[in-house]
Amino acid sequence: MIMKSLLGAFILLLITFPLPVSASHSIHTPVDILIDVGHGGVDGGTSYGDVVEKDITLEIATILYKQLAKKGYTAAINRTGDYGLSEENGWLKTDSRHRKDLAQRKHLAKELAPKIMVSLHVNFSPRSSDRGALVLYQKNNQSFMLADMVQHSLNNLYKTSELPRKRRSYTY
Ligand SMILES: [Zn+2]
């Protein structure tokens, strides 16, 4: 219940920010923004009691997706329920679930070729300074600007002070 009201505030904060997307729309790619939803299925991510990272990232991603779509952006989300992306990867011959998961995320990003891509995660640590939602961005200015905006909204909401981080594990 508390989570719901917090997420409601997150929506309002997001609406008040102008989105940092250039006016010129490329005809080559129909996807403006890809939202990479951290974890899923057997991979819960971090947790505290009943609160599991994979559920929070999905909730934030769903709200972000709806807000972007409402503003007329073509957004895509790479996970819409509680499953691992590794389960969708039947093409990579490896026993490593983690490698299958990463490869599937990279594959989708390549296929969709979005202008902007942000990844959603949540940290939990006994040290309060290391807790909270964390937005990762692909190495381009527009991805950074969206990540920064979403991170700022989440920081305000949860009284955290994370900075968005550059995603290094794969690029598109
Ligand atoms: Zn994570």
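Counting starts at 1 for both ligands and their atoms, in listed order. All residue numbers in this chain count up from 1 along the given sequence.
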Near the Zn ion (ligand 1) (protein N/O/S, cut-off 2.8 Å, waters excluded) we have His39 NE2, Glu53 OE2, His121 ND1

Which heavy atom of Ser119 sits nearest to which heavy atom of Asp36, and what is that distance? OG-OD2, 2.7 Å

Separation between CG of Leu163 and CG of Asp148, rounded to the nearest 0.5 Å: 8.0 Å

Arg127 side chain near Asp130 side chain, heavy-atom distance below 4.5 Å: yes

Pairing residues for Thr46 by the side-chain hydrogen bond (donor to acceptor under 3.5 Å, both in side chains) criterion, not counting sequence neighbours: none

Would you call Tyr137 and Lys166 a side-chain contact if the rule is heavy atoms closer than 4.5 Å? yes

Below 4.5 Å, heavy atoms only, C-beta onward: do Lys100 and Leu85 meet side chain to side chain? no

